[in-house]
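For reference, the structure discussed in these notes is given below.
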Amino acid sequence: MQGIWTTERIRAAEDLLLARTPDGELMRRASFGLAAEVAGLLAENTGGVSGRRVVLLVGSGNNGGDALWAGAFLRRRGVAVAAVLLKPEKAHPAGLAALRRSGGRVVSIADSPQWIEKADVVVDGIVGISARGALRPEAAELVARIEAPVVAVDLPSGVDPDTGAVDGPHVTAARTVTFGALKPVHALAPQECGNVVLVEIGLRPWLDEPDLWRLELSDIAAVWPIPGPEDDKYTQGVVGIAAGSATYPGAAVLASGSAVRATAGMVRYAGHAADVVRSRWPEIVATGSVTDAGRVQAWVVGPGIGTGGEGREILRHILGQGVPVCADADATTIIAHTPEVLDARDPDTPLVLTPHAGEYERLMGRRPGPDRVAAAREAAKKYDAVVLLKGHCTVVAAPDGRVAVNTPRGSWLATAGSGDVLTGLIGSLLASGLDPWLAAAAAAQVHSLAGALAAEDVPTSASGLVDAIPAALRLVRAIA
Ligand SMILES: NC(=O)C1=CN([C@@H]2O[C@H](COP(=O)(O)OP(=O)(O)OC[C@H]3O[C@@H](n4cnc5c(N)ncnc54)[C@H](OP(=O)(O)O)[C@@H]3O)[C@@H](O)[C@H]2O)[C@@H](O)CC1
Ligand SMILES: Nc1ncnc2c1ncn2[C@@H]1O[C@H](COP(=O)(O)OP(=O)(O)O)[C@@H](O)[C@H]1O
Ligand SMILES: [K+]
């Protein structure tokens, strides 16, 4: 698992490390790595490094210092470097001196447009982890002129470091070079960060438990249930699906199909779409009602069950079974409108809720807002459940405070029925006995991997996602 730390924690660790490191050493480490990345991008885009043109946008803090030092390193490789100082009187003195010594040029803001227009790469050293809010007008004006690819120093300026939220003018980078550890922005603002490269500066020993996690494919491979010699169809965990209706069987077919594809073992279906589910997935044992569904090790409940009395009774029955439950879609709405259904749940029964922003609002009485991690954490606490907050980046919070972020591979999952597929994946993992937070986080990643594989750069559908689950799992197991 990759750890991610908030800027407050990063700053505290930096202070500890700084106190034990010669003056300027950390910045030189950081900017040396930064310069190597800028040179790499120049070579990729223009076929060379020497003689290429780089413009540095330099703010008033250490982020600008990194850019200036990197400029000095790039001069050594024959790059023409021009620095635009947003606040000349506050530019990092040692970095500026180094750039000047190396033959780098300083250009005024008034002269900067012609330099920015001719640049092969622009380095964004406007603001780093001390940033708050969108770019100020002067910086925004310069950024609006950029056509070349941007390498962001530490993070794209104008994007909130701790939430990834964007609220006005900001930098959109092709590559973000960060130092010491990943910060939330890198997981939560993939559009703005581009490819994120982590340069080691020796910070890790000074950081303890991360604030957020991002699963790696090897983590998923390690927990995904694969049958062993002693297994039979029951021992791997049977998942029950209570979804769909006679009029709307689609949700049932998608959630059930996703569960069939996710693991070996067995899937049971209970509901009004039994005939349709059986004919699409003959391996599923289907009945008309949750009360005669047979034993399962986890339930998925909600997609397409409706939010009326019948849906409520189905949910109440399932919550009382003492096995882990993933409550999705209509089940989320039922919980929001009649929270007393949760009385049927034994406090020890794991529950996963999977709201999108609208369902979140029903559950919590307000929109998730820009701090989606805090929003998911709050809901997890309130409902004593794992909350998977859907969106471009999916955030998975456990009541004990653990949070995982899934950085998507494109936006292919924005297709009708995609949530039903995710639910089926979560249910399968819950049935295998996996920790519910890990189950939801792993399912979200496999879901987006399936999306990318199904799409291959052209739009896909929820059925396409179901079909791509085996390929996604093959990739997960191959990489691990
Ligand atoms: N410490 C270390 O060990 C290491 C640190 N490192 C580097 O230091 C960086 C952090 O540096 P930092 O703390 O000096 O602040 P930083 O982010 O450059 O901001 C400075 C100033 O920007 C301004 N500003 C604020 N918001 C703004 C906005 N929206 N739009 C425009 N301007 C805005 C505001 O100043 P003002 O203009 O108000 O005077 C603020 O004070 C970190 O990200 C990494 O790159 C690396 O070298 C590795 C080792
Ligand atoms: N723009 C997007 N980028 C990445 N993932 C997205 C995007 N929009 C939606 N998703 C994902 O697609 C799924 C949609 O689920 P949901 O809203 O329940 O849709 P449905 O009800 O149609 O199944 C969620 O997993 C969500 O995180
Ligand atoms: K920056």
Side-chain angles (χ1 to χ4, degrees), residues 27 30-92 94-128 131 135-159 169-178 192-195 197:
M27 188 175 278
S31 52
F32 191 76
L34 170 62
E37 287 301 323
V38 175
L41 191 61
L42 283 173
E44 274 167 40
N45 288 355
T46 70
V49 177
S50 182
R52 304 305 187 267
R53 287 177 289 239
V54 167
V55 168
L56 316 172
L57 302 183
V58 179
S60 47
N62 288 332
N63 197 251
D66 291 339
L68 289 165
W69 273 105
F73 288 126
L74 287 164
R75 284 291 306 134
R76 290 191 198 162
R77 298 187 62 179
V79 178
V81 179
V84 184
L85 312 180
L86 282 155
K87 282 195 182 168
E89 71 288 0
K90 283 174 111 183
H92 192 271
L96 187 55
L99 181 76
R100 286 204 157 111
R101 276 198 307 276
S102 70
R105 173 191 297 261
V106 173
V107 299
S108 67
I109 291 180
D111 287 343
S112 66
Q114 53 179 321
W115 293 88
I116 293 174
E117 273 152 33
K118 287 195 198 123
D120 295 304
V121 164
V122 173
V123 174
D124 157 30
I126 300 171
V127 67
L135 287 178
R136 294 174 189 156
E138 196 158 57
E141 224 168 274
L142 293 185
V143 167
R145 294 183 181 278
I146 302 175
E147 282 176 18
V150 176
V151 174
V153 183
D154 212 5
L155 52 100
S157 302
V159 183
H170 61 275
V171 166
T172 300
R175 194 171 291 191
T176 292
V177 183
T178 189
E192 288 74 24
C193 290
N195 289 334
V197 179

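Residue indices begin at 1 and follow the sequence shown. Quantities reported herein were computed from a predicted structural model and do not represent experimental measurements.
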List the atom pairs, with distances to 0.1 Å, where a side-chain N or O of residues 74-86 and a protein N or O form a donor-acceptor pair under 3.5 Å, not counting sequence neighbours.
{"unit_1": "Arg75", "atom_1": "NE", "unit_2": "Ser102", "atom_2": "O", "d": "3.0"}
{"unit_1": "Arg75", "atom_1": "NH1", "unit_2": "Val79", "atom_2": "O", "d": "2.6"}

Could you go through residues 49-72 and list every donor-acceptor pair under 3.5 Å that involves a side-chain atom there, pairing it with any protein atom two or more places apart or in another chain?
{"unit_1": "Arg52", "atom_1": "NE", "unit_2": "Thr46", "atom_2": "OG1", "d": "2.8"}
{"unit_1": "Arg52", "atom_1": "NH1", "unit_2": "Ser50", "atom_2": "O", "d": "2.9"}
{"unit_1": "Arg52", "atom_1": "NH2", "unit_2": "Thr46", "atom_2": "O", "d": "3.2"}
{"unit_1": "Arg53", "atom_1": "NE", "unit_2": "Lys118", "atom_2": "O", "d": "3.1"}
{"unit_1": "Asn63", "atom_1": "OD1", "unit_2": "Val127", "atom_2": "N", "d": "3.4"}
{"unit_1": "Asn63", "atom_1": "ND2", "unit_2": "Val153", "atom_2": "O", "d": "2.9"}

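Nearest heavy-atom pair, Leu99 versus Arg105, reported as atom, atom and distance to 0.1 Å: CD2-O, 4.1 Å.
Enclosure of atom CD in Gln114 by more than 12 non-hydrogen atoms of other residues, nucleotides or ligands within 6.0 angstrom is indicated.
Taking 4.5 Å as the limit, some side-chain heavy atom of Ser112 sits within range of a side-chain heavy atom of Leu142. Looking at heavy atoms from C-beta onward, Leu96 lies in side-chain contact with Arg100 at the 4.5 angstrom threshold.
Side chain of Asp124 to backbone of Ser157: a donor-acceptor contact under 3.5 angstrom is found.
Checked against salt bridge (Lys or Arg N to Asp or Glu O under 4.0 Å), Glu44 has the following partners two or more places apart in sequence or in another chain: Arg175. Arg145 pairs by the side chain to side chain contact (heavy atoms under 4.5 Å, CB included) definition with Pro113, Ile116, Glu117, not counting sequence neighbours. Taking the side chain to side chain donor-acceptor pair (under 3.5 Å) definition, one finds that Thr178 meets it with Asp154, Lys183, sequence neighbours left out. Partners of Ser31 according to the side chain to side chain donor-acceptor pair (under 3.5 Å) rule, which considers only residues two or more places apart in sequence or in another chain, do not exist here.
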